[in-house]
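Taking it in order: structure first as C-alpha cells, then the write-up.
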Number of protein chains: 2
Amino acid sequence: MATRTDPLTLEVVELIGTVVARYYEEYEQAAAAHSLTGAQARVLGLLSLEPMPMRRIAQKLKCEPSNVTGIIDRLEVRGLVERRPDPADRRVKLAAPTEKGTRTARQLRESLDFAREPLAGLSDADRAVLRDLLRRMLGMEPSA
Amino acid sequence: MATRTDPLTLEVVELIGTVVARYYEEYEQAAAAHSLTGAQARVLGLLSLEPMPMRRIAQKLKCEPSNVTGIIDRLEVRGLVERRPDPADRRVKLAAPTEKGTRTARQLRESLDFAREPLAGLSDADRAVLRDLLRRMLGMEPSA
DNA sequence: TATTGTTATACTCTATAACTATA
DNA sequence: TATAGTTATAGAGTATAACAATA
C-alpha cells in the first residue's frame, strides 16, 4: 500500500499527533489528581469494569505479568484494590476494586473530560461524521 | 460547560481513546525497531527539526531538566546526538543530532505510518472533513 | 542574585529469568 | 509438564533537592 505524503494527509497526521499528546497529558493529570500513576489509573479503570486475574491485566496492559504484581501491590496498600482467590483455580488471584477503589475509578472517569469537552464545540451531525471517519480509519464496519 | 454523556459522544470518546492507544503502541514499536525508547525517539525527532538547549527539550517533553541529562547521555553514547557549546551563553549546551542521528530520525519518521496508512482508506474529501473536525476539536481556527 | 546544566537520590514502570504452588 | 503468580535484578523515565559554572 502506497504511503500518502500529500500536504492534506500530513496535516491530518499532525493533528492526530496533537490529539494523542493532549489526551495523554490530560489522562496523566487526572491520575495525578488522585495521586495515581498512569499505569495505576489504567489498571483501576480496567478492574472497575470487571475483576480479573493478574495474567489478564498484563495482557490488557501489554506488559509482562511480573510488572502487574507491583502495580497491584501499590493499589492494594492504598486500599483501592484487593486480591481474591479464584474458587475454580487455586493458582489464580482475582484483582478487584474495593468500594473506595470503585469510587476513585468513577471520579477518574468523570474527570476525563478531554474528549468530551472539546466535542461540545461540534454539532450532533459533526459528531456523527467524526464517528464514521474514525471507525473507517480504525478498520471498523460502518454500522457497528 | 455542560459535559455531554449521550451515546454518540461517548462512542466518539471511546474511538479517540482507541486511536490514541494504537498511535502510542505503533510509536513505541517504531522506536524499539531502532533500539530506542519512546522518550529517546521523541527527543531525537525534536532535535532533527532544530538543535536546542537542554532546558528547552525539557519544556517540550514537559519534564524536569534533570531528566534530559540522562536521555541525551544515552543518545550521545550511541553517537546519535552531540552536545555543542552555545557561543552566545557559555552556560548553555545545545543538543544536536549527528549525521547518524539525522538518518535515524528520518527513518523513524518514515516508519511512523500509523496515521497515514489507515488514512489511505479515506478519500481526499473525507480527509478534508476529518482535518476540519479535528481542528475545531483542538480549538483551532477553520483556516489555519 | 538568577539561570543552565548536572549530580545524587528515590520511586515507578519495564523486561528477563528463576522460583513456588498449583493444575 | 505446564501454568499463575511472585521474587530478584537491571535499565529507563520521572521528580526533588543541592551543586558548580556562568550570566
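Labels below follow one simple rule: chain letters A, B, ... track the order of the sequence lines, proteins then strands, and each chain is numbered from 1. Everything numeric in this text was worked out from a predicted model, so none of it was measured.
- An OP1 or OP2 oxygen of D:dT3 is reached within less than 4.0 angstrom by no side-chain nitrogen or oxygen of A:Arg56.
- Not a single salt bridge (charged side-chain N to carboxylate O under 4.0 Å, His left out) links A:Arg90 to another residue, sequence neighbours left out.
- Across A:Cys63 and A:Val68, no two heavy atoms sit closer than the pair SG-CG2, 4.2 Å.
- Atom CG of A:Leu75 is separated from atom CZ of A:Arg83 by 9.5 Å, given to the nearest 0.5 angstrom.
- Across all strands shown, A:Arg90 has heavy atoms under 4.0 Å from sugar-phosphate atoms exclusively, and none from any base.
- Applying the 4.0 Å criterion to OP1 and OP2 of D:dT6, one finds that A:Lys93 has a side-chain N or O inside that range.
- If you check distances only, the side chain of A:Ser66 does reach the base of C:dT16 with a donor-acceptor pair under 3.5 Å.
- Considering only side-chain N and O atoms, A:Arg91 lies nowhere under 4.0 angstrom from the phosphate OP1 or OP2 of D:dG5.
- Side-chain N/O atoms of B:Arg74 include none lying less than 4.0 angstrom from OP1 or OP2 on D:dG11.
- If you check every strand for non-hydrogen atoms under 4.0 Å, A:Thr37 touches sugar and phosphate atoms only.
- As a whole-Å value, the separation of B:Glu64 CD from C:dA8 P is 19 Å.
- Residues B:Ile71 and B:Ala39 share a closest heavy-atom pair of CD1-CB, 4.1 Å.
- The nearest whole Å value for the distance from the CD atom in B:Glu28 to the C1' atom in D:dG13 is 11 Å.
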